Amino acid sequence: MIYPENLLYTKEHEWVRVEGDTGVVGITDHAQKELGDIVYVDLPKVGATAEKGKNVGSVESVKAVSDIYAPISGEVTEVNEALATAPEKLNEDPHGGAWLVKIKLSNPEEIKQLLSAADYQTYVGAE
Amino acid sequence: MRYLPKSDLERREMLSTIGVNSLEDLFSHLPEEVRIKQPLQIAPGKSEYDIVDYFRARGTENANGYSSFLGAGVYNHYRPVLVDTVVSRGEFLTSYTPYQAELAQGTLISIFEFQTMICQLTGMEVANASMYDGSSAVPEAAMMAMRLTNRDEILVARTVHPEYREVLATYAQHQGMPVHEIGYHPESGRIDLEDLDRQLNDKVAAVILQSPNFFGVIDDVKKAAEITHRHGALLVFVFTEAVSLGLLEPPSDADIVAGELQSFAIPPSYGGPYAGIIAAKEKFIRQMPGRIVGETKDTHGHQSYCLTLSTREQHIRREKATSNICTNQALIALMATVFMTIYGKQGLRELAGQNLSKAHYLASQLPLRFTGPFFNEFVVNTNGRSPEQINDALLGEKIIGGLPLKRFYPELDGAMLLCATEMNRREQMDRVAEAFHQ
Amino acid sequence: MIKKTSPHIVQNEALIFQRSSPGKIGYQLPELDVPHVDPASALGPENTRGEIEHFPEVSEVDVIRHFTRLSTYNYAIDLGLYPLGSCTMKYNPRVNEQVARIDGLAWAHPYQPESLSQGAMEIVAELEKVLREITGMDAVTLQPAAGAHGEFTGILLVRAFLEAQGNPRKKILIPDSAHGTNPATAMMVGYRVENIRSKENGMVDVEALERVVDEDVAALMVTNPNTVGVFEKDIAKVAGILHAKGAQVYMDGANMNALVGIARPGDFGVDVMHLNLHKTFSTPHGGGGPGSGAVAVKQHLIPFLPSPRLQRKGDQWSWNYELPQSIGRVRSFYGNFGVLVRALAYIMAHGGPGLRNATMDALLNANYLRALLEPYYELPHQAQTMHECVFSDVRQAKLGVHTGDIAKRLIDYGFHPYTVSFPLIVKGAMMIEPTETEGKGELDLFADALISIAKEIEEDPKMVLKAPLLTRTSRVDEVAAARKPVVRWKPQPPTSKAAD
């Protein structure tokens, strides 16, 4: 798996795509593989406040639940409704169509703490 | 020993395969300081004959051949013979939790039917495969409401079974779950709706009320639900007498139902094992504790069943689980399932109807304490004699009377809770009435 | 297409609702000997329900056939070995079923006069006594309904004890090898969970433990033998470390089947523990319960035990509710009395020396399987096995076959699988506990099956991945069941003529 270079990553296997003042957040291919077939995605409400490092939802498979930790702080402006009826999208397209939430960055400096594709590649290679 | 299927010869062969000389070698690695110092001070093993003898003797030291007018959360209802025939089958009795669906479709199908019937009875949309009992289902329902509303206060009616409220208090202690009680009207015996309205606020997660309540009085669930929902809280409906559901309006206004199924062919057995249930509206299913059986297909396309939504449970979610419950009450729930299929749509209604008639016959001869409508239980005043005196007189006639209420409700000193079911005969009820009027 | 019949080879039994027909009945009530009361008049029409929609309507014959057929779709101890680790699926003696049904015991109402309940109370007292003796503890409560319930009770006791001393403390230490109920329980009692890693041999890392035990630690929850079936030989030392800092030792008694008559937790530093009567003491699993989670404690925890407690008043037993420091009730009434009767009957059948013999046979069986299977399956923890052993699927995983697949293939050989993927500290865990009620013949068959499967994996792994191949139901789609849960039957709407 070559991790897309236009995304930034965390050690908890989330990715962020910066679009202006908004960060689009999802989980990586590594994460979806570990979980197996996704059965349910629990997302916050639009308008909720996300805090970096704090729980902002969860992703469930038959055998495990993975908490999602916000990689950046800010207001949740959009959630991916499609995942409610088709959670399997997360297995099919984790880096694109199956994004989870969009967060309006309250602290753009946090972007600097995220990993590059190359660094994340090394990290999951080593795990 | 008859339960150990090995001969000494076989033991020696096995020890040889392992590569040790004696059975003691298998635990000689235990440090000296942890090893048992003297043999267990327990009498040597008994024959089946002696065991049966011992328990028969204990049985005779309990009430035998008495008729009883006790209810208060545990009810005397006839147990159809087929119930024990079914649950005594080894494939049900000695089987394990149905984690391996290929080997447990029998259990899974019967639980699926159970879940369905509970929904049909209670007007809820989803139900789990049982909780330990009604008393522990209540705090589980409260915690479920807390998770769903993100609020932490609980209001519980004083007319909910006193021991259930005690259990709720024990669970509430460390959940950051303040619990407050709502009073009842001394005349009707029903929940004080004004008190409810006053105590409700936007911190309350759930209102817990029981109907028929501990006094046997049928409460105004619709009204209570209205007031509860107006404040954004959830209504948890509790029942202890499952037979009442055969005749009484189901609690479809409730959000969560927590109940006890002992009335459905589960022996009173001095307090347990029983079977509790939690049922709820469909949208709450992912926050429901306990095992749930779901429908699916297998690899051949056959309709099959399996445990589902397991990620809520302890074996996966661990500290984030909806509950710590693991073992539940599957075999007991099966008793209830068989009972429900034997009586069926008509039978449950007729059974409830008989209970109603019996209780009202007895009640018509006694001074009732409350004015509210009742099913098969009711509170009476004793006027003059004490409840204990009346009960003592009845014992002399091999009748166990009702429950004196002062132990749970000091303000009801001198009152007694009586229950009459299809198992109480007219002559016995007439005796009870006589004892009151002496 | 031929519509196949229901009996077990084919497993085609419809749901009971699909056997229903309006007016079919399976009951007859006695004649009413009092005047009939009209429900609407007595209760008010708003309180009376309509019919119970779609509730079953079947005859007695339908009922017995339906459930008998369903029962034949199940595996059970009565049919063969359950090698489930930590479940202790031993034979359920039938005499226990008979004594539990004795009228005076089965029909006893918990609120009936104490003078008419002495038999039941004697049974409770006697079981408390023998369990004290077996565990080496000072008091026992039989109120909790199951193991997890017992854990909850036990940790509540710990908290009450520490609170009485002025500080309930903040966290509970739990080994990463622990059963999932342990951390779930700790959270329910308001504690934080701190996981401790196990050493290479699956045991608690004593040095690491020493570093983390401080005055914020309320207790350590430990299972002994641990979940890889190895005795924690440093347990006395571990207890010492906890006690030195004023913390408590909670023992999960799920693995007591390895200790009865050989070692007593009360003798090696345990303050509070639970027992699973439906494991060690043979009460039937019944497809998932009922159980009973007796809790045993040392002297200092007695004041906090759940209310009520049995006490002797002259020559009678009585329930004592005057317990000011009690944690309260964890459930209504006195406990799963029916289960207690069965556990006592089991203990009486074995007796003191017999219980020890049963334990030795349990160790023998587990060690025998280990010896037979070690050449074929990886055994990551080489320490001495007690009553269960945990293999890993690493060798087979290289060929693409995992523990779950091996378990499914075992079904084709006529066995229930072992415990899959637990404990979490073993990769691809295969946890096997035969218990003492298995003979050499059954164990040989089981070992042969696993050895045969190991060979199959080398020769035809793809076949094993499709297992089970010989059962009617195979590899249910758990993903679909979780994505769109259907948890109750609903009647199908009638098909319209246009659809034909």
Side-chain angles (χ1 to χ4, degrees), chain B residues 5 10 14 23 26 29 34 40 42 44-45 55 58-59 61-63 86 89-91 94-95 97 101 103 105-107 116 132 135 163 166 170 174 267 269-273 294-296 298-299 304 306 308 314-315 318-319 321 324 326-331 341-342 345 347 357 360-361 426, chain C residues 26-27 33-34 37 49 55-57 67 70-71 73-78 99 102 104 106 108 110 116 118-120 145-146 148 180 183-185 189-190 268 286-291 328-329 332-334 336-338 351-352 354 360 363 368 371 384 439-440 471 475-477 481 486 488-489:
Chain B
E10 288 173 318
M14 292 167 74
L23 291 169
L26 296 173
H29 66 289
V34 306
L40 289 175
I42 297 175
F55 285 99
R58 301 292 79 72
E61 290 158 10
N62 271 13
V86 169
R89 284 192 69 87
E91 300 95 324
T94 72
S95 64
T97 311
L103 293 174
Q105 288 298 298
T107 298
T116 303
Y132 304 136
S135 76
E163 295 201 11
E166 279 178 60
T170 305
H174 309 297
S269 202
Y270 205 53
E295 199 181 85
T296 186
D298 80 337
T299 192
S304 309
C306 65
T308 190
Q314 50 75 28
H315 59 289
R318 298 172 73 87
E319 57 260 30
N324 72 343
C326 183
T327 295
N328 58 355
Q329 303 292 98
L331 194 74
T341 57
I342 286 174
K345 183 192 277 195
S357 302
H360 281 72
Y361 172 75
R426 186 185 184 123
Chain C
Y27 74 98
D33 58 1
V34 296
V37 169
R49 78 176 300 155
F55 218 61
E57 289 183 273
F67 289 102
L70 288 186
S71 75
Y73 304 171
N74 277 357
Y75 187 83
I77 296 176
D78 279 4
V99 298
I102 288 171
L116 293 175
Q118 291 298 303
T185 298
V189 186
F268 53 70
R329 289 182 160 284
S332 52
F333 316 121
Y334 318 114
N336 279 350
F337 179 76
M360 294 198 290
L363 303 186
Y368 182 64
Q384 176 78 35
K440 183 172 180 296
T471 52
R475 301 249 182 188
V476 294
D477 189 347
V486 174
R488 55 163 297 178
W489 170 85

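Values below: all heavy atoms of this structure, side chains included; hydrogens, waters and symmetry mates excluded. Please read all numbers here as calculations on a predicted model, not as lab measurements.
- When every heavy atom of D33(C) is checked against every heavy atom of R426(B), the shortest pair comes out as O-NH1, 2.8 Å.
- When every heavy atom of A76(C) is checked against every heavy atom of E91(B), the shortest pair comes out as CB-CA, 3.7 Å.
- Between chain C and the options P44(B), S304(B), A63(B), heavy-atom pairs under 4.5 Å are most frequent for A63(B).
- Taken from CD in E295(B) to CG in D477(C), the straight-line distance is 12.5 Å, to the nearest 0.5 Å.
- With hydrogens and angles ignored, the 3.5 Å screen pairs a side-chain donor or acceptor of T170(B) with a backbone N or O of R329(C).
- Remark: side-chain polar atoms of T94(B) are paired, donor with acceptor, to backbone N or O of D78(C) under 3.5 angstrom.
- The heavy-atom pair separating G106(B) from Y73(C) by the smallest distance is N-CB, 3.6 Å.
- In the model, S71(C) has a side-chain atom that pairs as donor or acceptor with a side-chain atom of R89(B) under 3.5 Å.
- When all heavy atoms of A108(C) and N62(B) are compared, the pair lying nearest together is CB-ND2, 3.7 Å.
- Proximity to chain B (any heavy atom under 4.5 Å) is restricted, for A371(C), to the side chain, taken from C-beta onward.
- Not counting sequence neighbours, F55(B) has no partner by the ring-ring contact (aromatic ring centres under 6.0 Å, His included) test.
- Between chain C and the residues P267(B), G90(B), G294(B), S269(B), the largest count of heavy-atom pairs under 4.5 Å involves S269(B).
- Once rounded to the nearest 0.5 Å, the distance linking CH2 of W489(C) with OG1 of T116(B) reads 8.0 Å.
- A distance of 11.5 Å separates CG in D298(B) from CZ in R475(C), rounded to the nearest 0.5 Å.
- Counting all heavy atoms, side chain and backbone alike, C306(B) lies closest to V476(C) at CB-CG2, 3.8 Å.
- A 4.5 Å side-chain heavy-atom check between Y270(B) and F333(C) finds every atom pair outside the cut-off.
- Between chain C and the options G271(B), G272(B), S95(B), the largest number of non-hydrogen pairs under 4.5 Å is found for S95(B).
- When heavy atoms are compared at a cutoff of 4.5 Å, I102(C) approaches chain B solely by way of its side chain, counted from C-beta outward.
- Looking at every heavy atom in both residues, N74(C) comes nearest to T107(B) through ND2-OG1, 2.7 Å.
- Contacts with chain B were tallied for G338(C), G354(C), G328(C); G338(C) has the most, counting heavy-atom pairs under 4.5 Å.
- Scanning for salt bridge (charged side-chain N to carboxylate O under 4.0 Å, His left out) contacts around R58(B) gives E61(B), with sequence neighbours left out.
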Q: Show your reasoning for whether salt bridge (charged side-chain N to carboxylate O under 4.0 Å, His left out) applies to E10(B) and K440(C).
A: CA-CA 7 Å; E10(B) 288 173 318; K440(C) 183 172 180 296; over 6 Å; no
